[in-house]
Engineer: 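Mind looking over this structure? Questions follow.
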Amino acid sequence: MQENLVIVESPAKAKTISGFLGKDFIIKSSFGHIRDLSKDDLGIDLKKKYKPYYIVPNDKKNVVKDLKSAASEAHLVWLATDEDREGEAIAWHLAEVLNLPPEKIRRIVFHEITRDAIKHAINHPRGINHDLVNAQQARRVLDRLVGFELSPLLWKKVKPALSAGRVQSVAVRLIVEKEREINNFSVSSSYRITGNFIYTAKDNKSYIFNAEYPVKIPTREEAKAILEKCRNAQFSILDLTRKPSKKSPAAPFTTSTLQQEASRKLGFSVSQTMTLAQRLYEAGRITYMRTDSVNLSNMALAMAKKVIESEFGPEYSRTRNFKTKTKGAQEAHEAIRPTFIENKTIPGNRQEQRLYDLIWKRTTASQMSEAIIEKTSIKVGVSTLEEPFIASGEVIKFDGFLKLYMESSDEDTEEQSKGLLPPVNIGDQITLQSMDATQRYAQASPRYTEASLVKKLEELGIGRPSTYAPTISTIQNRGYAIKEDRPGKERDIFIFSLESGQIKETTKTEIYGAEKAKLFPTDIGMLVNDFLVENFNDILDFNFTASVEKEFDKIAEGTMEWTGMIDRFYPAFHNQVVQTTISQPKPTGIRNLGVEPVTGKNVYVKMGPFGPMLQIGESGDQDKPKFASLLKHQSMETITLEEALNLFTLPRSLGQFEEQDILAGIGKYGPYIRHKNKFYSLKKDNDNPLTIKLEDAIALIQEKREQEKKRIIKKFVENPDLQILNGRWGPYISYHKNNYRIPKKYNPETLSLEQCMEIIKYSQEKKNNKSS
DNA sequence: CAGTGAGCGAGCTTCCGCTTGACTT
């Protein structure tokens with residue numbers, strides 16, 4: 001009989017711990033939660049004080065079976081799940097499902113996977129904290145009630161398979177409101193004036209430095225006037241200040257900050273980062289990657305100190321303990337750090353190595369001394385102006401952690417590298433080399449990237465480390481938001497330059513508003529958001545989660561009863577769902593764009609049954625209204641009357657090719673061109689049926705014909721149903737409308753009919769084995 | 001495959017948080 005069974009949540013953790021405990025302990029993993037509310041119905045009995053109905057999901061049946069048999073053979077079962085709400089609930093579910101009597105249970109917790117922490121935990125067992133379990137049940141039941149009542153309402157009012165929830169709906173709201181903020185941003189411009197000055201020192205060495213006029217000049221005329229005034233002015237050093245300053249390293253990574261930095265520095269998507277981190281974790285390279293804690297174990301601190309001292313010298317080491325500032329953090333784990341900080345690099349693929357390097361640098365830098373910086377500022381007086389120009393310089397006196405790592409920022413500020421300023425003295429005369437007044441446009445706030453949205457959600461206390469990546473995927477899968485690049489637009493900027501006493505005016509074009517991998521709301525996303533905000537303002541409120549979290553805390557402390565908390569929320573919420581179902585019409589987002597000049601009829605944009613659409617004329621009228629679809633990048637919110645009327649010119653003829661018309665239009669499957677009754681999809685971003693030229697359309701047709709030729713690799717006279725074709729993912733066999741992949745060992749050009757049949761037979765057998 | 005622009009209608013969709021693989025497309 002095995003003396004002790006220890007159950008943890010993660011198999012990788014189980015593996016590590018088994019090295020720390022003796023032969024008397026067998027370690028197993030629960031793979032997270034083992035039970036959940038039934039999926040086929042609400043899973044909550046509303047008549048019995050919200051009694052949850054839990055079931056073991058199919059993919060957990062084997063885990064439970066295995067744990068059951070291990071538990072029955074053990075003398076004691078140590079429930080070592082995480083020390084947070086969810087972990088406590090998993091421990092309780094385990095006790096219930098495994099049918100463990102209280103005297104057979106030991107509940108233990110540890111925040112770090114070190115020998116000492118685990119030994120200490122074993123020596124300090126406790127019982128299951130039922131208050132904490134109840135807080136989790138309240139959280140689970142509330143989320144189920146909200147999600148399973150709001151989603152069906154959307155199926156009824158908007159379209160099937162949509163969803164809503166406490167977390168995802170707020171995430172969508174953030175994206176929608178950001179988009180509107182940008183759309184409503186009024187572009188203003190001003191002039192920034194900078195001068196290059198020449199200072200000649202006593203030894204005749206001369207230096208050039210740049211200084212900026214501290215006032216933004218609103219108009220061209222005023223900007224030019226200032227340059228005029230500087231044309232014959234005298235320049236001198238009015239003031240010189242040196243200020244010491246310090247920079248401190250950022251805290252070690254949490255899930256959220258890792259996702260942000262990997263996005264900014266390495267260009268990884270949130271899910272890509274998590275997949276790579278998972279692999280590093282399973283390989284024992286890093287600590288657990290789903291954490292909200294910035295804490296490092298004492299062992300890690302000691303390791304870091306040793307590495308820093310030998311690598312950079314003792315003056316670079318400074319041991320630090322970081323405190324989390326995150327709302328609702330549960331800190332069941334350590335920060336994300338290398339398991340062994342002495343491993344500066346690890347084996348693995350390029351991506352894994354890059355992520356590891358980032359984690360290694362961030363962790364190590366967090367334990368290094370601060371950088372000491374001297375900031376210098378020079379005021380350049382102008383005899384004809386009241387305000388002096390200002391030059392600022394920065395000199396690093398001691399680099400400290402900057403030797404290794406600097407956190408990047410979301411704003412694309414064009415911080416020019418500030419260097420050393422010349423050794424000037426107050427009163428020195430200097431001369432002007434050149435001066436520019438450059439037009440600058442105010443920037444709208446940047447759209448969210450996946451990672452900056454995670455950051456915002458974390459600030460609001462919404463979502464957990466384990467759900468950031470899935471939430472980001474969900475809102476995209478539901479079609480509420482789309483991640484994409486958008487090309488920028490050009491605009492002119494005016495520049496006045498003063499050089500050798502002459503003022504010249506030039507115009508430059510700059511690109512603005514280009515977006516890369518940013519989140520844009522879709523029309524459906526905006527429509528659903530407005531509908532939810534209007535009817536369920538309390539749940540869509542950015543503080544909803546924070547306020548229910550306060551109540552969960554009270555439940556966890558034992559000062560509030562969980563079903564009572566739910567009962568103060570649910571009846572009113574349910575009533576609101578019922579009222580909305582009855583009294584609210586289907587939202588269409590309809591907007592009148594103006595009138596069609598010819599007929600005088602109204603032009604509308606609205607959400608139709610098959611997506612956003614345009615309509616000329618009224619729905620009830622005798623002569624039916626005309627309809628048209630929107631193009632991919634047009635949105636209901638920003639489309640203009642002119643753009644709308646343009647779309648009614650489709651389908652249009654581009655001209656003739658091989659004595660037949662080529663038509664361009666928008667169909668059920670998006671924009672297309674049509675020739676001799678064959679359709680060719682317009683897939684590229686810059687393909688537009690309104691603007692495409694005849695020669696581009698012909699090129700497209702010929703390209704497609706070329707592809708068609710290459711499509712068929714081989715046909716068999718004996719069996720015309722079977723073909724070897726070239727597809728998007730390489731060669732495959734097509735047979736009776738089914739496709740079969742060709743194993744790599746075969747050459748598709750020389751396959752015989754018999755071999756094809758073998759491949760088909762083999763792959764069908766494989767499929768059958770799997771489904772049984 | 002490339003109309004459509006509702007309201008007879010089968011049956012389905014959905015939440016958030018814990019965890020890993022098994023999966024094509």
Side-chain angles (χ1 to χ4, degrees), chain A residues 8-14 29-37 39-44 57 59-60 63 81-82 84-91 93 136 139-156 159-169 274-275 278-279 281-282 288-290 330 332 462-471 474 478 539 545 586 588 604 606-615 619 624-629 650-651 663-674 677-682 689 727-729 739 741 767 770:
Chain A
V8 294
E9 291 180 38
S10 143
K13 199 170 174 176
S29 155
S30 77
F31 294 82
H33 275 292
I34 51 154
R35 280 207 303 191
D36 191 15
L37 297 174
K39 250 186 162 77
D40 303 330
D41 49 21
L42 193 59
I44 298 163
D59 59 334
K60 286 293 162 64
V63 175
T81 50
D82 296 347
D84 58 10
R85 208 159 60 199
E86 300 296 329
E88 202 68 23
I90 293 172
H93 282 301
Q136 192 275 346
R139 200 278 305 153
R140 182 68 191 89
V141 166
L142 178 95
D143 282 336
R144 171 53 70 87
L145 290 170
V146 169
F148 274 39
E149 294 225 358
L150 286 185
S151 301
L153 178 63
L154 295 178
W155 306 342
K156 224 174 271 166
K159 73 175 204 181
L162 293 178
S163 65
R166 173 177 60 81
V167 173
Q168 60 169 284
S169 296
M274 292 313 283
T275 307
Q278 176 87 31
R279 271 193 244 145
Y281 170 65
E282 282 170 16
Y288 195 58
M289 64 283 154
R290 289 184 279 265
Q330 308 203 5
I462 298 171
R464 303 277 313 130
S466 68
T467 61
Y468 294 138
T471 301
T474 299
R478 297 276 177 276
I539 289 168
T545 292
K586 285 186 164 193
T588 62
Y604 300 101
K606 70 176 189 184
M607 185 58 71
F610 312 113
M613 67 191 238
L614 296 160
Q615 175 180 326
S619 300
K624 273 195 147 188
K626 285 195 286 179
F627 301 103
S629 302
L650 298 175
L663 297 171
I666 306 175
K668 194 171 169 183
Y669 304 99
Y672 64 86
I673 56 171
R674 183 179 176 176
N677 265 334
K678 274 193 83 160
F679 289 88
Y680 305 83
S681 291
L682 294 175
R728 266 178 78 189
W729 294 285
N739 297 337
R741 184 177 290 178
K767 208 172 156 190
K770 231 167 251 168

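The figures here come from the full heavy-atom set of this structure, side chains too, leaving out hydrogens, waters and symmetry mates. All chains are named by letter (A, B, ...) in the order of the sequence lines, taking the proteins before the strands, and each is independently numbered beginning at 1.
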Engineer: Pick base, sugar-phosphate or nothing for A:D59, based on heavy-atom distances below 4.0 Å to the nucleic acid.
Structural biologist: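 Touches nothing.
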Engineer: Between P on B:dG17 and NE2 on A:H93, what's the gap in Å once rounded to a whole number?
Structural biologist: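 In whole Å, B:dG17 P lies 15 Å from A:H93 NE2.
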Engineer: Enumerate the protein-to-nucleotides 12-14 of chain B contacts in which both atoms are nitrogen or oxygen and the separation is below 3.5 Å.
Structural biologist:
unit_1, atom_1, unit_2, atom_2, d
B:dT13, O2, A:A161, N, 2.3

Engineer: Under 4.0 angstrom, heavy atoms only, what part of the nucleic acid is A:S10 near: base, sugar-phosphate, or nothing?
Structural biologist: sugar-phosphate
Engineer: On DNA chain B, check which nucleotide each of A:Y281 and A:D36 is closest to and give me the residue with the more 5' one.
Structural biologist: A:D36
Engineer: When all nucleic acid strands are considered with a 4.0 Å heavy-atom cut-off, which category describes A:R464: base, sugar-phosphate, or nothing?
Structural biologist: sugar-phosphate
Engineer: For a quick check of understanding: with a heavy-atom distance under 4.0 Å over all strands, which category does A:K156 fall into, base, sugar-phosphate or nothing?
Structural biologist: nothing
Engineer: How far apart are the closest heavy atoms of A:A164 and A:L154, and which atoms are they?
Structural biologist: CB-CD1, 3.8 Å
Engineer: Which is true for A:R674 with a 4.0 Å heavy-atom rule: it touches a base, it touches only sugar-phosphate, or it touches nothing?
Structural biologist: nothing
Engineer: Under 4.0 Å, heavy atoms only, any strand: does A:Y288 hit a base, just the sugar-phosphate, or nothing?
Structural biologist: sugar-phosphate
Engineer: With a 4.0 Å limit, can you tell me whether A:Q136 has a side-chain N or O closer than that to the phosphate oxygens OP1/OP2 of B:dG17?
Structural biologist: no
Engineer: Could you grab the distance from atom CZ of A:R464 to atom CG of A:D84, nearest 0.5 Å is fine?
Structural biologist: 6.5 Å
Engineer: Could you tell me whether A:G43 contacts a base, only the sugar-phosphate backbone, or nothing, with contacts defined as non-hydrogen atoms closer than 4.0 Å?
Structural biologist: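 No contact.
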Engineer: Hey, does A:Q615 reach any base, or is it just sugar-phosphate, or nothing, if we go heavy atoms under 4.0 Å?
Structural biologist: nothing
Engineer: How would you label the contact of A:G32 with the nucleic acid (heavy atoms, under 4.0 Å): base, sugar-phosphate, or nothing?
Structural biologist: base
Engineer: Round to a whole Å and report the spacing from CD of A:E88 to C1' of B:dG17.
Structural biologist: 16 Å
Engineer: Report the nucleotide, chosen from B:dG5, B:dT19, B:dC16, that has the shortest atom-to-atom distance to any side-chain atom of A:P609.
Structural biologist: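 Of the options given, the side chain of A:P609 lies nearest B:dG5.
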Engineer: Hey, is the side chain of A:R140 pairing donor to acceptor with the base of B:dC15 inside 3.5 Å?
Structural biologist: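 By the distance-only test, yes, there is a pair.
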Engineer: Round to the nearest Å and state the distance from A:M613 atom CE to B:dG5 atom P.
Structural biologist: 9 Å
Engineer: Rounded to the nearest angstrom, tell me the gap between atom CD in A:Q278 and atom P in B:dA22.
Structural biologist: 13 Å
Engineer: Should A:D82 and A:K13 count as an ion pair when the cut-off is N to O under 4.0 Å?
Structural biologist: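 Yes, this pair counts.
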Engineer: Contact class for A:V146 vs. all strands (heavy atom < 4.0 Å): base, sugar-phosphate, or nothing?
Structural biologist: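 No contact.
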Engineer: Starting at atom CZ of A:F679, determine the distance to atom P of B:dG3, rounded to an integer number of angstrom.
Structural biologist: 6 Å
Engineer: I'd like to know if the side chain of A:S681 reaches the main chain of A:Y672, judged simply by a donor and an acceptor atom lying under 3.5 Å from each other, with no hydrogens or angles considered.
Structural biologist: no
Engineer: For a 4.5 angstrom cut-off between non-hydrogen side-chain atoms, does A:R140 reach A:D36?
Structural biologist: yes
Engineer: Check whether the side chain of A:R139 and the base of B:dC16 form a donor-acceptor pair under 3.5 Å.
Structural biologist: yes
Engineer: Would you find a donor on one side and an acceptor on the other, under 3.5 Å apart, between the side chain of A:T467 and the backbone of A:G463?
Structural biologist: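 Not at all, since once roles are kept as given, no pair shorter than 3.5 Å links the two residues.
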Engineer: Is it true that A:R478 and A:S163 share a donor-acceptor pair across their side chains at a distance under 3.5 Å?
Structural biologist: yes
Engineer: May I ask you to say what A:P625 touches in the nucleic acid, namely base, sugar-phosphate or nothing, with a heavy-atom cut-off under 4.0 Å?
Structural biologist: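 Touches nothing.
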Engineer: How is A:S681 classified with respect to the nucleic acid when contacts are heavy atoms under 4.0 Å: base, sugar-phosphate, or nothing?
Structural biologist: base
Engineer: Would you say the side-chain atoms of A:S29 pair up with the backbone N or O of A:E9, donor to acceptor, closer than 3.5 Å?
Structural biologist: yes
Engineer: Out of curiosity, A:L150 CG to A:L145 CG, how far, rounded to the nearest 0.5 Å?
Structural biologist: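 If we round to the nearest 0.5 Å, A:L150:CG and A:L145:CG are 10.5 Å apart.
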Engineer: Check the distance between B:dG17's P and A:I90's CD1 and give it to me in whole angstrom.
Structural biologist: 13 Å
Engineer: Over all strands shown, is A:G665 touching base, sugar-phosphate only, or nothing at heavy-atom distances under 4.0 angstrom?
Structural biologist: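 Touches nothing.
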Engineer: Which of the following nucleotides, B:dG7, B:dG17, B:dT19, is nearest to the side chain of A:K60?
Structural biologist: B:dT19
Engineer: Could you tell me the separation between the CG atom of A:N677 and the C1' atom of B:dA2, rounded to a whole number of Å?
Structural biologist: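 In whole Å, B:dA2 C1' lies 11 Å from A:N677 CG.
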Engineer: Just checking A:E282: base, sugar-phosphate only, or nothing, at a heavy-atom cut-off of under 4.0 Å?
Structural biologist: sugar-phosphate
Engineer: CG of A:L37 versus P of B:dC18: gap in Å, rounded?
Structural biologist: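 Atom CG in A:L37 sits about 15 Å away from atom P in B:dC18.
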Engineer: Closer than 4.0 Å, any side-chain N/O of A:Y680 to the OP1 or OP2 of B:dC1?
Structural biologist: no
Engineer: Looking at A:T467, does any N or O in its side chain come under 4.0 Å of the phosphate oxygens OP1/OP2 on B:dG17?
Structural biologist: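 True: A:T467 side-chain N/O within range (under 4.0 Å) of B:dG17 OP1/OP2.
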